[in-house]
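Read through the structure below, which is laid out as structure tokens, and then see the notes.
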Amino acid sequence: QVQLVESGGGLVQAGGSLRLSCAASGRTFSSYAMGWFRQAPGKEREFVAAMAWSGGTPLYVDSVKGRFTISRDNAKKTVYLQMNSLKPEDTAVYYCAADPYARGGVRGGRPAQYDYWGQGTQVTVSS
């Protein structure tokens with residue numbers, strides 16, 4: 001089994017920054033892809049970013065390119081989402097997820113591709 005625990009959410013003014021963390025435990029992750037998703041009230045869960053645990057080019061949704069950066073620390077088994085230049089429309093619950101079938105790459109950003117999910121952390125950006 002895989003357990004994912006997010007942290008780092010909070011309230012920030014527009015233009016500010018936050019760094020989300022996702023601590024992973026359980027099985028080894030070397031072949032997994034790790035993703036960040038978000039869900040705003042009344043909206044569907046949306047893909048934000050993903051990367052292979054082994055490294056390589058990350059994948060981002062267009063709306064966060066140039067503002068968000070996904071990274072990981074293998075020793076700490078932690079994935080990060082650095083969010084800069086935050087906008088009110090970034091307000092959502094952010095979820096970390098793991099795709100165990102990625103075979104060292106990133107299959108994509110569909111929630112159904114990710115088997116393991118954290119509990120979510122709230123990010124609120126005020127205008």
Side-chain angles (χ1 to χ4, degrees):
Q1 275 290 4
V2 172
Q3 292 81 41
L4 303 173
V5 179
E6 302 98 333
S7 61
L11 173 64
V12 64
Q13 289 188 335
S17 298
L18 283 174
R19 188 178 79 159
L20 305 183
S21 299
C22 172
S25 61
R27 303 183 61 177
T28 57
F29 302 92
S30 59
S31 65
Y32 285 28
M34 302 299 294
W36 285 97
F37 292 77
R38 65 187 179 186
Q39 189 165 18
K43 295 188 177 181
E44 293 187 352
R45 192 163 297 190
E46 174 191 32
F47 169 74
V48 176
M51 71 178 300
W53 192 268
S54 58
T57 302
L59 182 67
Y60 297 96
V61 69
D62 286 346
S63 60
V64 308
K65 284 180 180 177
R67 301 189 298 122
F68 291 10
T69 303
I70 187 172
S71 63
R72 86 269 188 249
D73 184 325
N74 289 345
K76 295 182 178 180
K77 296 176 74 174
T78 300
V79 177
Y80 303 99
L81 185 68
Q82 177 67 44
M83 306 185 296
N84 300 327
S85 302
L86 282 161
K87 305 175 181 180
E89 52 264 42
D90 295 319
T91 295
V93 177
Y94 282 71
Y95 298 90
C96 175
D99 175 5
Y101 303 108
R103 298 184 178 182
V106 176
R107 291 197 293 161
R110 289 188 295 113
Q113 293 173 317
Y114 293 78
D115 281 14
Y116 302 104
W117 293 83
Q119 82 288 352
T121 185
Q122 176 70 47
V123 172
T124 303
V125 184
S126 63
S127 57

Can you name the nearest heavy-atom pair linking [X] to [Y], along with the distance?
X      : Y      : answer
Val123 : Gly9   : CG2-CA, 4.1 Å
Thr121 : Glu6   : CG2-CB, 4.0 Å
Gly104 : Ala52  : O-CB, 3.3 Å
Val93  : Gly120 : CG1-CA, 3.8 Å
Gln113 : Gly108 : OE1-C, 3.2 Å
Ser54  : Ser30  : CB-O, 3.7 Å

Close side-chain approach of [X] to [Y], heavy-atom, < 4.5 Å:
X      : Y      : value
Leu59  : Phe47  : yes
Gln122 : Tyr94  : no
Arg107 : Tyr101 : yes

Taking the six-membered ring where the residue is Trp, are the ring centres of Phe37 and Tyr114 under 6.0 Å apart?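 They qualify: ring centres under 6.0 Å apart.
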
| task | Test side chain to side chain contact (heavy atoms under 4.5 Å, CB included) on Thr69 and Tyr60 and set out the steps. | result | CA-CA 9 Å; Thr69 303; Tyr60 297 96; 3.8 Å; yes

- Task: In sequence, state the C-alpha distance, the side-chain angles, and the governing distance for Cys22 and Trp36, and then conclude on side chain to side chain contact (heavy atoms under 4.5 Å, CB included).
- Result: CA-CA 9 Å; Cys22 172; Trp36 285 97; 3.7 Å; yes

Contacts of Tyr95 meeting ring pair (Phe, Tyr, Trp, His ring centres under 6.0 Å) (sequence neighbours excluded), chain-then-number -> none

- Query: Looking at Lys65 and Asp62, does any basic side-chain N land under 4.0 Å from a carboxylate oxygen?
  - Reply: yes

Using 0.5 Å steps for rounding, measure from the [atom1] atom of [X] to the [atom2] atom of [Y].
X      : Y      : atom1 : atom2 : result
Cys96  : Gln119 : SG    : CD    : 9.5 Å
Thr124 : Asp90  : OG1   : CG    : 11.0 Å
Leu4   : Thr78  : CG    : OG1   : 10.5 Å
Asp99  : Trp53  : CG    : CH2   : 13.5 Å
Lys87  : Ser127 : NZ    : OG    : 14.0 Å

Requested in this report: Just do the side chain to side chain contact (heavy atoms under 4.5 Å, CB included) check on Ile70 and Val79 with the steps written out, would you?
Outcome: CA-CA 7 Å; Ile70 187 172; Val79 177; 4.0 Å; yes

Looking only at side-chain N and O atoms, does Asn84 offer a donor or acceptor that is under 3.5 Å from a partner on Ser17?
yes

Donor on one side chain, acceptor on other, Gln3 and Ser25, under 3.5 Å: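 Short answer, yes.
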
Taking the six-membered ring of Tyr80 as reference, does the NZ or CZ atom of Arg19 fall below 6.0 Å from its centre and within a 45° cone about the axis? yes

Just by modelled atom types, is the Ser63 backbone N or O under 3.5 Å from a matching donor or acceptor in the Arg67 side chain?
yes

- prompt: So, the side chain of Thr91 versus the backbone of Glu89: is there a donor-acceptor pair under 3.5 Å, distance only?
  reply: no

| field | Pairs flagged by disulfide (SG to SG under 2.5 Å) wherever residues 57-95 is involved - sequence neighbours left out | value |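 For residues 57-95, and leaving out neighbouring residues, there are no disulfide (SG to SG under 2.5 Å) pairs at all.
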
Under the side chain to side chain contact (heavy atoms under 4.5 Å, CB included) criterion, do Val64 and Arg38 qualify, and how do the steps go? CA-CA 12 Å; Val64 308; Arg38 65 187 179 186; 4.1 Å; yes

